[in-house]
*Asks:* 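Got a structure for you, written out below as C-alpha cells; questions coming shortly.
Side chains are part of it too, since the values below use all heavy atoms of this structure and drop only hydrogens, waters and symmetry mates.
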Amino acid sequence: MKGTHLGEFEELVLLAVCTTHPDSYGNTIKDEINHIANRNINLSTAHGALARLEDKGFLSSKMGEATSVRGGKRKRIFEITAQGLKKLEEAKELRTSFWERIPEKVLQTQFVRS
C-alpha cells in the first residue's frame, strides 16, 4: 500500500463513491463531483484518482455485469473500504477541529464573508 495521505480531490472522490453507492463507477463519480462540488473534471481525472485510492486501500472494485446500454461493456464498480471510511472520518474531524478553533471575531469580519 502506498502513502495514506488524503488530498482534497481524493476526499471528494471518496465522498462521491459513498453518495453514488451502489452505482459507483467512473461516470457517476465524475458527474457527482461536477454537480455537487461544481468542478469540471473529466473521466480520466476521476479514473486516476480512483486507481490511487484503490492502491492506498481506501477503495475496492469489482467488474459489474455487461449491459446493452453500454454496448456489452462491463463497468468497474467501486466501494469504500473500512480503511477508506475511517480516513474520511479523520478528514472530517480535522476540518471540524480547525473550524472550531477560528475565533468568532474572525468569522464576523466582512473580509472573510465577501
*Asks:* Rounded at 0.5 Å granularity, tell me how far OG1 in Thr81 sits from NZ in Lys87.
*Replies:* 11.0 Å
*Asks:* Can you name the closest pair of heavy atoms from Gly26 and His47 and give their distance?
*Replies:* CA-NE2, 3.8 Å
*Asks:* How close do Ala91 and Leu6 get, heavy atom to heavy atom, and via which atoms?
*Replies:*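 In terms of heavy atoms, the two residues are closest at CB-CD2, 4.4 Å.
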*Asks:* Salt bridge check, Glu11 against Arg95: does any charged N sit closer than 4.0 Å to a carboxylate O?
*Replies:* yes
*Asks:* Taking salt bridge (Lys or Arg N to Asp or Glu O under 4.0 Å) as the test, write out the residues that go with Lys86, two or more places apart.
*Replies:* Glu90
*Asks:* Drop me the distance from Leu14's CG to Leu88's CG, to the nearest 0.5 angstrom.
*Replies:* 4.5 Å
*Asks:* Which pair of non-hydrogen atoms, one from Lys56 and one from Gln83, has the smallest distance, and what is that distance?
*Replies:*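 Here Lys56 and Gln83 meet closest at O-NE2, 3.8 Å.
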*Asks:* At their closest point, which heavy atom of Cys18 faces which heavy atom of Ile80, and how far apart are they?
*Replies:* SG-CD1, 3.7 Å
*Asks:* About how many Å separate CG of Leu59 and CD of Glu10, when rounded to the nearest 0.5 Å?
*Replies:*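 That separation rounds to 9.5 Å.
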*Asks:* With a 4.0 Å cut-off, would you call Glu65 and Arg74 a salt bridge?
*Replies:*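 Salt bridge between Glu65 and Arg74, a charged N being under 4.0 Å from a carboxylate O: no.
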*Asks:* Identify the heavy atoms of Lys30 and Ala46 that sit nearest to each other, and give their distance.
*Replies:* CB-CB, 4.3 Å
*Asks:* Would you mind writing out the side-chain donor-acceptor pairs for residues 33-44 within the sub-3.5 Å range, not counting sequence neighbours?
*Replies:*
from	atom 1	to	atom 2	distance (Å)
Asn34	OD1	Ile41	N	2.8
Asn34	ND2	Ile41	O	3.4
Arg39	NH1	Glu8	OE1	3.2
Arg39	NH1	Glu8	OE2	3.2
Asn42	OD1	Ser44	N	3.3
Asn42	OD1	Ser44	OG	2.9
Asn42	OD1	Thr45	N	2.9
Asn42	OD1	Thr45	OG1	2.8

*Asks:* Answer with yes or no whether the side chains of Glu54 and Ser61 bring together a donor and an acceptor at under 3.5 Å.
*Replies:* yes
*Asks:* Does Thr20 reach the main-chain N or O of Thr28 with its side chain, forming a donor-acceptor pair under 3.5 Å?
*Replies:* no
*Asks:* Give a yes/no verdict on a cation-pi contact between Lys75 and Tyr25, requiring under 6.0 Å between NZ or CZ and the six-membered ring centre and an angle within 45° of the axis.
*Replies:*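 Judged by the rule, Lys75 and Tyr25 form a cation-pi pair.
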*Asks:* What is the minimum heavy-atom distance between Ile29 and Phe78, and which atoms define it?
*Replies:* CD1-CD1, 4.3 Å
*Asks:* Report yes or no: do Leu85 and Leu50 belong to one cluster of Ile/Leu/Val/Met/Phe/Trp/Tyr joined by side chain heavy-atom distances under 4.5 Å?
*Replies:*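 Looking at the clustering, Leu50 is in the same group as Leu85.
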*Asks:* Any sub-3.5 Å donor-acceptor pair from Thr96's side-chain atoms to Lys92's backbone N or O?
*Replies:*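 Yes; at least one donor-acceptor contact below 3.5 Å.
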*Asks:* Main chain of Ile77, side chain of Lys62: is a donor-acceptor contact present, judged purely on distance under 3.5 Å?
*Replies:* no
